[in-house]
Enquirer: 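Got a structure for you, questions after.
When a residue number appears, it is its place in the shown sequence, counting from 1. Any value given below was found using the heavy atoms of this structure, including those in side chains, with hydrogens, waters and symmetry copies removed.
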Amino acid sequence: MTLKAIMNPKTTLHNLRPLSYSYTQIKTYVQVYMKRKKDPYYDPIDSIHKSLELKPIIAMKDFFISSPHENYCIPISDVSKKGSDFGISIKVVRFLRSYPSFFEEFKGPLYNLPWFRLTSKAIELDKEERAVYEEFRDDIMWRLKKLILMSGSRKMLPLKVIKGLEWYLGLPTGFYSDPIDYVGKYGFFRVVDIEDGLKGLAIVEEYDDGKDSKILSMMQRNAMKRGLHSGGVDEAIAFPLFPSKGLRLKQKIKDWLVEFQKLPYMSPYDDFSYLNPDSDVSEKRVVGLLHELLCLFVEHAAERKSIFCLRKYLGLPQKVHKAFERHPHMFYLSLKNNTCTSILKEAYCDDGAIEPHPLAGVRRKYIALMKESGVILRDRRVNNRRANAQNSICSEDSGFVDDEISRIGEARL
């Protein structure tokens, strides 16, 4: 068979694989349509839903850290017109005043202009964050490497695509501007030229994690721990399912799901070019890739639209969003914060099943500090109301005394 026929996604698996495996290419697609059901277990998770609010705060904090002024302080004029650079949609001064637990306002040395400086708590957390980046650099780079290796034989992703996932991967601020500065000691990364003058980050060497020089996905690792996977090719691995309370599937969908779980599991690091894109095996490969992708992220969740930029490079279908809707026992779609966030259920329902990201603990501390801003602002409002009420009482008392003095004076006359 010619190479052209092999690379053709429409080529039937019957012509490429033994007959025992050909059944997996049969199209048994079942139309899955379910009304989204809200789950109160996932919507209140602050580490997920406060993450988007935290992102511009961290970006601004890093700008303060790089400030040439002493004590991490800057005049408002330095950032007043750079809101878009930090993802801030309101006036920068209003943004800074909204988070007094991070940014402390004071009068500058000239013309009484407002200046801001980082609070002591923000500085301490920044030091802790930088320590994590240094201590767990290998882990963070391993996650980035695995993402790039999902691109198949190309083993390359454009830097602009990596930049779009920078926050979810836990890469340090400024990684996009000079990636080699952070990954320089790792000889397997290379910055390469791609089409239209764009730059890409490529892997130039094969790596293994201790099993026959083969990259293992989280699904394969967990299955091997449970004795359900021997590391062979075309073995069936069932996805862990976590049904939401009250979510009911039609019988034909239940039957399809049972058969879907029996299909061979294809690692997101394996070649997929021979698969029929309309087959159930191809869908299982897509679901497995999304599972692995979310395993790599800090919160094991991401805005669904942020994953769309990977379609071209990871071999995902045009309607990849349908995979989240067709597998509600694996993924939860949250509509909080006026956006659609895809959450990997396993990460929050099975302790120890997925390795936590090194940066996750620091992010939670940042979110706790962010919440302190709400307490500070509330206390300020209460104190201001009390002060205004006290001033009002004093004014009334003063007016009453003046009236009494006037009447006494008139009586004497």
Side-chain angles (χ1 to χ4, degrees), residues 1-27 142-158 161-162 165 188-190 192 194-195 200-224 229-239 260-296 307 309-320 323:
M1 182 166 291
T2 64
L3 179 62
K4 182 177 180 180
I6 294 176
M7 298 303 293
N8 186 356
K10 297 297 183 181
T11 302
T12 62
L13 192 60
H14 177 76
N15 296 328
L16 299 175
R17 294 273 187 167
L19 290 176
S20 60
Y21 188 74
S22 63
Y23 77 95
T24 60
Q25 284 283 26
I26 298 174
K27 181 178 177 181
W142 174 242
R143 292 169 186 269
L144 175 60
K145 178 168 58 180
K146 292 180 80 172
L147 172 65
I148 296 175
L149 289 176
M150 287 186 200
S151 62
S153 59
R154 287 178 294 187
K155 295 183 176 59
M156 182 278 300
L157 284 178
V161 172
I162 296 175
L165 300 172
F188 43 76
F189 284 113
R190 289 287 186 275
V192 296
I194 54 180
E195 68 276 4
L201 194 63
I203 302 294
V204 295
E205 186 180 341
E206 286 287 353
Y207 295 90
D208 67 88
D209 57 358
K211 182 65 178 179
D212 299 329
S213 300
K214 180 181 179 182
I215 300 293
L216 296 179
S217 68
M218 191 64 66
M219 280 287 301
Q220 291 172 316
R221 285 173 175 269
N222 290 338
M224 292 178 73
H229 180 57
S230 63
V233 181
D234 302 339
E235 290 188 53
I237 302 179
F239 292 113
F260 182 83
Q261 292 281 53
K262 296 177 182 178
L263 294 175
Y265 171 83
M266 170 167 280
S267 170
Y269 307 106
D270 290 344
D271 177 42
F272 58 89
S273 58
Y274 61 85
L275 286 180
N276 180 348
D278 295 326
S279 66
D280 280 351
V281 173
S282 181
E283 179 173 353
K284 188 162 185 177
R285 180 250 167 194
V286 170
V287 173
L289 187 148
L290 294 175
H291 178 280
E292 182 73 1
L293 184 66
L294 294 179
C295 285
L296 300 179
I307 298 175
C309 65
L310 294 168
R311 288 179 303 194
K312 175 182 176 182
Y313 305 99
L314 302 190
L316 297 174
Q318 185 70 20
K319 296 183 178 180
V320 63

Enquirer: Atom CE of M266 and atom CD of Q220: how far apart are they, to the nearest 0.5 Å?
Expert: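 Spacing of CE (M266) from CD (Q220) equals 10.5 Å.
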Enquirer: Just how far is it from atom CG of L310 to atom CG of L165, taken to the nearest 0.5 Å?
Expert: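 Reported value, rounded in 0.5 Å steps: 5.0 Å.
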Enquirer: Measure the spacing between OH of Y313 and CG of L147 and express it to the nearest 0.5 Å.
Expert: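 Reported to 0.5 Å precision, the distance equals 12.5 Å.
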Enquirer: CE of M218 to OG of S267: how many Å apart, nearest 0.5 Å?
Expert: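 Nearest 0.5 Å value for the CE-OG distance: 12.0 Å.
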Enquirer: Roughly how far apart are L293 CG and K146 NZ, rounded to 0.5 Å?
Expert: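 Rounded to the nearest 0.5 Å, the CG-NZ separation comes to 11.0 Å.
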Enquirer: Would the distance check show the side chain of S151 and the main-chain N or O of M156 forming a donor-acceptor pair, the cut-off being under 3.5 Å?
Expert: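 Between the backbone of M156 and the side chain of S151 there is a qualifying donor-acceptor contact (under 3.5 Å).
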Enquirer: For residues E292 and L216, report the shortest heavy-atom separation together with the two atoms involved.
Expert: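 Result for this residue pair: OE2-O, 4.4 Å.
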Enquirer: Is it true that a side-chain atom of K284 and a backbone atom of L263 form a donor plus acceptor pair closer than 3.5 Å?
Expert: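 Here the side-chain-to-backbone pair exists.
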Enquirer: For a quick test of reading the model, state the closest non-hydrogen atom pair linking R285 to M150 and the distance between them.
Expert: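 The pair with the smallest heavy-atom distance is NH2-O, 4.4 Å.
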Enquirer: Between CG of D280 and CG of L275, what distance do you get to the nearest 0.5 Å?
Expert: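 Here the rounded value is 11.5 Å.
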Enquirer: Taking all atoms of both residues into account, what is the closest heavy-atom pair of L314 and F272, and its distance?
Expert: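 Minimum heavy-atom separation between L314 and F272: O-CZ, 4.1 Å.
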Enquirer: Is there a donor-acceptor pair closer than 3.5 Å between any side-chain N or O of R143 and the backbone N or O of L296?
Expert: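 Indeed, once roles are kept as given, a pair shorter than 3.5 Å links the two residues.
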Enquirer: Looking only at non-hydrogen atoms, find the nearest pair between S217 and P268 and report the distance.
Expert: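 Looks like CB-CD, 4.0 Å.
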Enquirer: Quick check: closest heavy atoms across I203 and F189, and the distance to 0.1 Å?
Expert: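 That would be CD1-CE2, 3.5 Å.
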